[in-house]
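Some notes on the structure that comes next.
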Amino acid sequence: MQTAAVAQTGTSALLTGAVEAELRRISELPEGSVTAQVHDRCVILQGEVDWIYQRDAAELAARRATGVESVQNLIATAARTPLRNAEERLRNACFRDPQIDADHVIVTITGRIAVLTGHVKSLAEKRQAGLAAWISPGVTAIENRLEVRPS
């Protein structure tokens, strides 16, 4: 029984090293901003980054490590600036984007989350609206609840 525990500890240490090597390969990820712990081939990522794409990149990197069975992403996204005029900025960004029919898009800021509701004509328009929502500096997450209603 004790040999199995030692083997498990060795496997976890090797896997932790492999995940950390993958994380170091992400040039956009500030050094030391994310830590990885491994328990039974499950990687737990913790830390804080400035942007959601950094959080997602860290998770993808951890999944690339050979032997990883699952990843629990607990990385927080730091608040970047105050949310003054955040809803207005978001609405303006949607109105300026020719790919988005902003007449049917409602933007609401709840805490640091931008919530998009209403409807759009295509999945591409829904994706574009979600991308436009990142224009607001204080937003750390997007809830894209837009419905797709082809005309």
Side-chain angles (χ1 to χ4, degrees), residues 1-84 86-87 89-91 93-94 97 99-100 105-150:
M1 192 80 165
Q2 196 170 23
T3 306
V6 170
Q8 179 62 33
T9 302
T11 301
S12 291
L14 287 172
L15 196 50
T16 300
V19 170
E20 288 173 350
E22 289 291 338
L23 290 172
R24 283 191 299 272
R25 289 187 181 126
I26 304 171
S27 60
E28 302 88 11
L29 197 62
E31 188 173 333
S33 60
V34 175
T35 61
Q37 295 177 5
V38 177
H39 301 285
D40 296 326
R41 298 185 182 268
C42 173
V43 177
I44 301 168
L45 297 174
Q46 294 180 313
E48 185 175 272
V49 294
D50 292 326
W51 299 96
I52 196 76
Y53 79 87
Q54 293 170 315
R55 181 181 191 276
D56 293 344
E59 182 174 339
L60 289 172
R63 290 185 187 283
R64 278 194 303 267
T66 303
V68 171
E69 290 181 1
S70 64
V71 176
Q72 184 178 9
N73 192 341
L74 302 177
I75 301 170
T77 308
R80 295 182 297 277
T81 60
L83 286 170
R84 288 186 298 267
E87 288 182 30
R89 285 179 177 179
L90 259 169
R91 271 192 294 279
C94 287
D97 192 324
Q99 295 179 352
I100 303 169
V105 176
I106 300 163
V107 178
T108 308
I109 303 292
T110 304
R112 299 201 171 276
I113 300 170
V115 180
L116 305 176
T117 56
H119 64 276
V120 291
K121 295 177 188 154
S122 68
L123 189 55
E125 190 177 348
K126 178 178 179 173
R127 275 192 223 116
Q128 193 62 31
L131 291 173
W134 287 112
I135 191 97
S136 184
V139 170
T140 58
I142 306 292
E143 280 188 32
N144 193 337
R145 299 179 187 169
L146 290 171
E147 291 180 34
V148 176
R149 295 184 191 164

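The first residue in the sequence is number 1, and the count goes up from there.
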task = Could you tell me whether a side-chain N or O of Arg41 sits under 3.5 Å from a main-chain N or O of Glu69, the two making a donor and an acceptor?
result = no

Which atom pairs, one a donor and one an acceptor, fall under 3.5 Å between side chains of residues 57-64 and the rest of the protein, sequence neighbours left out?
{"from": "Glu59", "atom 1": "OE1", "to": "Asn73", "atom 2": "ND2", "distance (Å)": "3.0"}
{"from": "Glu59", "atom 1": "OE2", "to": "Arg63", "atom 2": "NE", "distance (Å)": "3.2"}
{"from": "Glu59", "atom 1": "OE2", "to": "Arg63", "atom 2": "NH2", "distance (Å)": "2.8"}
{"from": "Arg64", "atom 1": "NE", "to": "Glu22", "atom 2": "OE1", "distance (Å)": "3.2"}

request  = Starting from the C-alpha separation in whole Å, work towards a yes-or-no answer on side chain to side chain contact (heavy atoms under 4.5 Å, CB included) for Leu23 and Leu45.
outcome  = CA-CA 10 Å; Leu23 290 172; Leu45 297 174; 4.3 Å; yes

query = Can you tell me how far the CG atom of Asp50 sits from the OG1 atom of Thr77, to the nearest 0.5 Å?
reply = 9.0 Å

Gap between atom CD of Gln54 and atom CD of Glu48 - 0.5 Å precision = 10.5 Å

Test side-chain contact (heavy atoms from CB on, under 4.5 Å) applied to Ser70 - qualifying residues, sequence neighbours left out = Cys42

message = Strictly distance-based, threshold 3.5 Å: is any side-chain N or O of Asn144 a donor or acceptor partner for the main-chain N or O of Lys126?
response = yes

request  = To the nearest 0.5 angstrom, please state how far the OG1 atom of Thr35 sits from the CD atom of Glu20.
outcome  = 8.5 Å

task = Please report the shortest heavy-atom distance between Val19 and Ala65, naming the atom on each side.
result = CG2-CB, 3.7 Å

ask   = Atom CD1 of Ile113 and atom CD1 of Ile142: how far apart are they, to the nearest 0.5 Å?
value = 9.5 Å

side-chain hydrogen bond (donor to acceptor under 3.5 Å, both in side chains) partners for Arg149, two or more places apart = His119

task = Output the distance between atom OH (Tyr53) and atom CG (Leu29), rounded to the nearest 0.5 Å.
result = 9.0 Å

request  = Work out which heavy atom in Val43 is nearest to a heavy atom in Ala36; give both atom names and the distance.
outcome  = CG1-CB, 4.2 Å

message = Please report the interatomic distance NE2(His39) to OG1(Thr16), rounded to the nearest 0.5 Å.
response = 8.0 Å

